[in-house]
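When reading the values below, keep in mind they use all heavy atoms of this one structure, side chains included, and skip hydrogens, waters and symmetry mates.
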Amino acid sequence: ITTGGTIYVLTNGKWKKSPMSSADMRAQEEENWKTAKNVSCKHLRDESVKGESAAVYSTHNENEDSKEDGRIWVSKSKDLPLREEQDVDLGSGDKHHISIRYEYANVQAPAVSP
């Protein structure tokens, strides 16, 4: 969840405040794009997300430290992302799966675990 410039992450069933702000995250993403190699994005199909028509794209990018393969669902009527799935390989067996759901109304910060 990102709201008010703060990012909250659900890990192992508990919400935690991220040490990165949304501005930090944008800056990191911009830096990653500068060093990215072997980048691709391809339309796969159209399907529905919560009753909303969406175009599904596959994505791939690599840089010196990682490889990412993903899928993103983009609203056909609003041109906004609705859902994203990413598989990230940081090397040395360090792999992660990231699932993101985008909501644009009634977003509230979760109760954070200590």
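Inter-residue side-chain proximity for E52 and K78 is flagged as met; some heavy-atom pair is nearer than 4.5 Å. Within the 4.5 Å cutoff, the side chain of R71 has no heavy atoms near those of the E84 side chain. Within the 4.5 Å cutoff, no side-chain heavy atoms of N38 are placed close to those of N61. Looking at Q86 and V88, their side chains come closer than 4.5 Å, going by heavy atoms from C-beta outward. Looking only at side-chain heavy atoms (C-beta outward), P81 and Y104 come within less than 4.5 Å of each other. Two residues are said to be in side-chain contact when any heavy atoms from C-beta on lie closer than 4.5 Å; T3 and Y8 meet this criterion.
Following chains of ILVMFWY side-chain contacts shorter than 4.5 Å, one cannot reach L80 starting from V74, and the two form parts of different hydrophobic clusters. Hydrophobic clustering places I1 together with V112 (ILVMFWY residues linked when any side-chain heavy atoms are closer than 4.5 Å, directly or through intermediates). No path of Ile, Leu, Val, Met, Phe, Trp and Tyr side chains, each step under 4.5 Å between heavy atoms, connects M25 with Y102, placing them in separate hydrophobic clusters. Taking hydrophobic clusters as Ile, Leu, Val, Met, Phe, Trp and Tyr residues chained together by side-chain heavy-atom distances below 4.5 Å, I100 shares a cluster with L90. Under a hydrophobic-cluster definition in which Ile, Leu, Val, Met, Phe, Trp and Tyr are linked whenever side-chain heavy atoms come within less than 4.5 Å, directly or via other members, V49 and L44 are assigned to the same cluster.
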Next item on the list: Using the side-chain contact (heavy atoms from CB on, under 4.5 Å) rule, take K50 and R101 through it: C-alpha gap first, then chi angles, then the decisive distance, then the call.
Entry: CA-CA 11 Å; K50 291 187 173 184; R101 181 186 72 213; 3.9 Å; yes
Note to self: For a side-chain contact (heavy atoms from CB on, under 4.5 Å) check, start with the C-alpha distance between D87 and K95, then their side-chain angles and the critical distance, and finish with the verdict.
What the structure shows: CA-CA 7 Å; D87 290 304; K95 296 181 180 183; over 6 Å; no
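A donor atom on one side chain and an acceptor atom on the other are not found under 3.5 Å apart for E68 and H60.
In this structure, the side chain of S18 engages the main chain of M20 through a donor-acceptor pair within 3.5 Å.
Taken from OG in S48 to NZ in K76, the straight-line distance is 11.0 Å, to the nearest 0.5 Å.
More than 12 heavy atoms of other residues, nucleotides or ligands lie within 6.0 Å of CD in E47, so this atom counts as buried by the packing criterion. In E103, the CD atom is crowded: over 12 heavy atoms of neighbouring residues, nucleotides or ligands sit closer than 6.0 Å.
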